[in-house]
There are 2 protein chains.
Amino acid sequence: MKPYFDRGGCTIYLGECLEVLPLLDGVGAVITDPPYSSGGAFRGDRTRSTVAKYVQTGTVAYRPEFAGDSRDQRAYLAWCSLWMLAARNASVEGAPIACFTDWRQLPVTTDAIQSAGWTWRGVAVWSKKYGRVNSAGFSAACEFLPFGSNGPAQERDDYPGGHISCSPESGDDKLHIAQKPLTVMGWACRIAPIGATILDPFMGSGSTLLAARLNGRKSIGIEVDERYCEIAAKRLGQEVFAFEEIP
Amino acid sequence: MKPYFDRGGCTIYLGECLEVLPLLDGVGAVITDPPYSSGGAFRGDRTRSTVAKYVQTGTVAYRPEFAGDSRDQRAYLAWCSLWMLAARNASVEGAPIACFTDWRQLPVTTDAIQSAGWTWRGVAVWSKKYGRVNSAGFSAACEFLPFGSNGPAQERDDYPGGHISCSPESGDDKLHIAQKPLTVMGWACRIAPIGATILDPFMGSGSTLLAARLNGRKSIGIEVDERYCEIAAKRLGQEVFAFEEIP
DNA sequence: GCCGAGAATGAATCCATCC
DNA sequence: AGGATGGATTCATTCTCGG
C-alpha cells in the first residue's frame with residue numbers, strides 16, 4: 001500500500017485502520033487517542049456530530065468533524081477489541097500499547113485491551129491543571145492512559161512516571177477538537193524504546209507522529225479523513241527543514 | 001446497636017459492615033477506602049496476607065493485618081455491589097459516594113457503583129508525586145476515586161477539583177498499611193455538603209472520620225477489627241481536648 | 001536555622017523453591 | 001501440576017541527622 005506521506009521515519013497511510021493494520025508488521029509500540037464515543041450520558045447526546053457535541057473554545061478556525069465517534073458502549077468494546085487485536089498482530093513481542101480515554105470509557109477500554117490479548121499493566125493519568133467545572137461532583141480534571149504489553153514487557157529502567165500535569169491545548173494552534181499537547185504525547189511516546197516504530201491508528205492532526213519524531217522514535221499514522229492527512233503531513237514537513245532519517 | 005465510640009459528631013460501630021449498614025439511615029455521603037483485594041498479577045500473590053504482600057521494609061512500626069483483602073474479581077464485584085447497595089439504602093437522595101481503588105480494581109469498582117443503583121459520575125485522581133517503580137511500563141503513581149450520586153446529584157458550585165497531588169503517608173505516624181493522608185481525605189470529604197454525615201464502612205485507622213471532623217462534617221465509621229476501632233477512637237479523642245459537637 | 005549527604009520508604013512484581 | 005511462600009529488585013522522594 002502506498003503511503004500518503006513517508007519522510008524522516010514518519011509514515012502516514014490514508015484509510016480505515018481495520019483495513020490498513022493487517023498490512024503492517026514490526027510495530028514497536030501502539031500509542032493512540034481514538035474517538036472516545038463519549039460526550040454525554042444519553043444516546044441522543046452521543047450521536048450528535050463532534051463539532052456540535054464538544055464545545056469549541058476560543059475563536060479558532062473551523063475544524064473538520066471526525067469520524068467514528070458515535071458508538072454505544074457495547075459496539076465501542078467490540079470495535080476497540082478488533083483494532084487492538086489487529087494492532088497486536090502487527091506488533092513485536094513485548095511491545096507496549098497505550099490508549100487515551102476519558103473516565104466514561106475507561107472500563108470498556110481496559111476490557112478491550114485484555115480482550116485483544118494484550119496484558120493490561122496499569123493506568124497512567126494526564127491531569128489538566130484545570131478541568132471543566134462539574135455541578136454534580138469532582139471536576140473532570142483528568143484523562144486516562146491505560147497501558148499494557150504484548151506478552152512479557154520489555155525490561156527497562158527508564159519507563160516514564162505514571163502521571164503528568166499539563167494544561168490542555170487551546171486557541172488557533174489547535175487543529176483537532178481532541179488534540180493533545182506535544183508535552184503529553186512526548187511523555188506517552190517514552191513508553192516505547194528509543195528508535196522503535198510507534199503506531200497511531202487514529203492519527204488525527206499527527207501529534208503522536210510529531211512527538212515520536214521529537215523523541216527519537218519512528219512512527220506510522222493511519223487516518224481515514226484526507227483533510228487530517230493533509231494537516232498532519234504539513235505539520236510533519238514543517239518540523240524539519242531538511243527532513244532526515246532519525247539517527 | 002451500641003456504638004463503640006460516639007463523641008463530637010463522630011460515631012464508630014464495631015462490626016461487619018453488611019450487618020451494621022441496614023441499621024443506619026440519614027447518611028449524607030459515603031466516602032471510603034475498602035480493601036482492594038489487589039496486590040499482584042497472580043492469585044497466589046493476591047491471597048497472601050496483607051503484611052506479606054504489601055512491602056514494609058526497614059524499621060517501621062508493626063501494623064496489624066487487615067481483613068477482606070483476598071477476594072477474586074468476581075467476588076469483589078459481588079461484595080462491593082452488596083455493601084454499596086446497603087450504603088445507598090442508608091443514604092439520603094442525592095448523596096454522593098466516593099470509593100478509593102487502585103488501577104487494577106477500577107473497572108470493577110465502577111461496575112459495582114452502577115450495579116448498586118448509584119449513578120456513576122466520574123473518576124477523581126490522587127497522584128502521589130512518585131510511585132513505585134514499574135519494570136513493565138509507567139510507574140504506578142496514582143490511586144483512583146470513582147464517584148457518583150444517589151439519584152440526581154445535589155447542585156453546588158463548590159465541588160472540589162478532580163485531581164489532588166500529595167505524598168503518601170509514611171513513618172511511625174502511619175497506623176495502617178493503606179492509610180491515606182489527611183490532606184487527601186479532607187479533599188474527598190468536601191464532596192459532601194457541610195454539616196452532612198459522612199459514612200465510611202471500612203474505617204481502618206479512622207482518617208475519614210478525622211478529616212470529616214476537621215472539615216465540619218459529621219461522620220459514622222464501621223470497622224470489623226477491634227484493634228483498629230481502638231486506634232481510631234484514640235486518634236479522634238486526641239483531636240480535640242474538649243470534644244464538642246460540630247457547630 | 002539552613003543545607004547536604006546518606007538512609008529509609010513504598011496498597012509491587014516476578015521468579016525460584018518447597019510442599 | 002498447582003498452590004503457597006520467600007525473597008531480590010527498584011528509585012524518586014522524604015526523612016534524619018550532623019555540621
Side-chain angles (χ1 to χ4, degrees), chain A residues 94 96 119-125 147-149 151-165 187 190, chain B residues 32-73 76 80 98-109 125-146 164-185 188 200 202-205 207-208 223 225 228:
Chain A
T119 304
W120 177 34
R121 296 198 179 271
V123 177
V125 172
F147 63 94
S149 64
Q154 291 147 353
E155 295 239 338
R156 276 167 53 199
D157 56 6
D158 61 343
Y159 278 115
H163 172 248
I164 190 172
S165 179
W187 162 73
R190 290 192 287 279
Chain B
T32 191
D33 187 24
Y36 293 176
S37 290
S38 192
F42 306 103
R43 199 167 89 88
D45 282 329
R46 281 196 305 277
T47 53
R48 294 166 78 170
S49 78
T50 56
V51 169
K53 73 181 172 181
Y54 301 123
V55 165
Q56 298 189 69
T57 48
T59 58
V60 300
Y62 173 75
R63 302 187 189 104
E65 289 273 339
F66 61 98
D69 198 54
S70 57
R71 295 178 175 88
D72 69 22
Q73 280 223 329
Y76 191 76
C80 283
C99 177
F100 279 94
T101 186
D102 72 350
W103 63 271
R104 199 182 296 277
Q105 302 291 32
L106 178 53
V108 178
T109 306
V125 172
W126 167 35
S127 67
K128 301 184 185 180
K129 297 198 169 156
Y130 68 99
R132 284 196 67 86
V133 291
N134 189 344
S135 64
F138 297 98
S139 68
C142 299
E143 292 195 31
F144 300 93
L145 185 63
I164 190 172
S165 179
C166 173
S167 296
E169 208 76 43
S170 71
D172 290 348
D173 292 341
K174 185 169 162 175
L175 303 163
H176 189 287
I177 294 173
Q179 187 169 332
K180 298 279 179 291
L182 281 179
T183 308
V184 173
M185 293 316 301
D200 182 353
F202 308 97
M203 181 188 66
S205 56
S207 300
T208 308
E223 172 59 45
D225 187 327
Y228 281 118

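Note that the structure is predicted; figures quoted are calculated from it, not measured.
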Notebook entry, point to check: Quick one: on DNA chain C, does B:A136 or B:P34 contact a more 5' nucleotide (nearest heavy atom)?
Noted result: B:P34
Notebook entry, point to check: Can you check whether B:R63 has a side-chain N or O nearer than 4.0 Å to OP1 or OP2 of C:dG10?
Noted result: yes
Next item on the list: Return the stacking result for C:dG10 and B:Y54: yes when the ring centres lie under 5.5 Å apart and the planes under 30°, no otherwise.
Entry: no
Checklist line | Pairwise P distance for D:dG7 and C:dA11, with rounding to whole Å | finding: 22 Å
Next item on the list: Indicate, yes or no, whether a donor-acceptor pair under 3.5 Å links the base of D:dG6 to the side chain of B:R48.
Entry: yes
Item checked: Length of the CG-C1' vector between B:D102 and C:dA12, whole Å -> 10 Å
Checklist line | Interatomic distance where OH belongs to B:Y36 and P belongs to C:dT13 [whole Å] | finding: 13 Å
Check: Hey, does B:F144 reach any base, or is it just sugar-phosphate, or nothing, if we go heavy atoms under 4.0 Å?
Finding: nothing
Item checked: Aromatic plane relationship, B:H176 with B:F66 - under 30° parallel, 30 to 60° tilted, over 60° perpendicular -> tilted
Note to self: Heavy atoms only, 4.0 Å cut-off, all strands: where does A:R121 land among base, sugar-phosphate and nothing?
What the structure shows: sugar-phosphate
Notebook entry, point to check: Under the 3.5 angstrom rule, does the side chain of B:K129 hit a backbone N or O of B:S165 as a donor-acceptor pair?
Noted result: no
Give each protein N/O atom lying under 3.5 Å from an N/O atom of nucleotides 13-16 of chain D, with the pair distance.
from   : atom 1 : to     : atom 2 : distance (Å)
D:dT14 : OP1    : B:S167 : OG     : 2.7

Note to self: Under the criterion side-chain hydrogen bond (donor to acceptor under 3.5 Å, both in side chains), I'd like the reasoning laid out for B:S38 against B:Q105: C-alpha separation, chi angles, the key distance, then a yes or no.
What the structure shows: CA-CA 7 Å; B:S38 192; B:Q105 302 291 32; 5.2 Å; no
Check: Under 6.0 Å between the ring centres of B:F138 and A:F147?
Finding: yes
Notebook entry, point to check: Closer to the 5' end of DNA chain D via nearest nucleotide, is it A:D158 or B:S49?
Noted result: B:S49
Check: In whole angstrom, what separates B:D33's CG from C:dA11's P?
Finding: 11 Å
Note to self: Take N1-N3 plus N6-O4 or O6-N4 for Watson-Crick, N1-O2 plus O6-N3 for G-U, both under 3.5 Å. Which runs of 3 or more such pairs involve DNA chain C?
What the structure shows: C:2-10 with D:11-19, C:12-19 with D:2-9
Margin query: Taking any heavy-atom pair under 4.0 Å as a contact, classify B:W103: base, sugar-phosphate, or nothing.
Written below: sugar-phosphate
Margin query: Counting the atoms with a prime plus P, OP1 and OP2 as sugar-phosphate, which does B:Q179 contact under 4.0 Å by heavy atoms, base, sugar-phosphate, or nothing?
Written below: nothing
Next item on the list: Tell me what A:P152 touches on the nucleic acid: a base, only sugar-phosphate, or nothing, going by heavy atoms under 4.0 Å.
Entry: nothing
Checklist line | N or O in side chain of B:R46 less than 4.0 angstrom from C:dT13 OP1/OP2 | finding: no
Notebook entry, point to check: Hey, what do you get for OG (B:S205) to CD (B:Q179), rounding to the nearest 0.5 Å?
Noted result: 3.5 Å
Check: Would you say the side chain of B:D45 and the base of C:dA12 hold a donor-acceptor pair, judged only by whether the two atoms sit under 3.5 Å apart?
Finding: no
Check: NZ of B:K53 versus P of C:dA12: gap in Å, rounded?
Finding: 10 Å
Note to self: Checking B:T50 against B:D69: is there a side-chain donor and acceptor pair closer than 3.5 Å?
What the structure shows: no
Item checked: Contact under 4.0 Å: B:R104 side-chain N or O vs C:dT13 OP1/OP2 -> yes
Next item on the list: Mind checking the OG1-CZ spacing from B:T109 to B:F100? Nearest 0.5 Å is all I need.
Entry: 12.0 Å
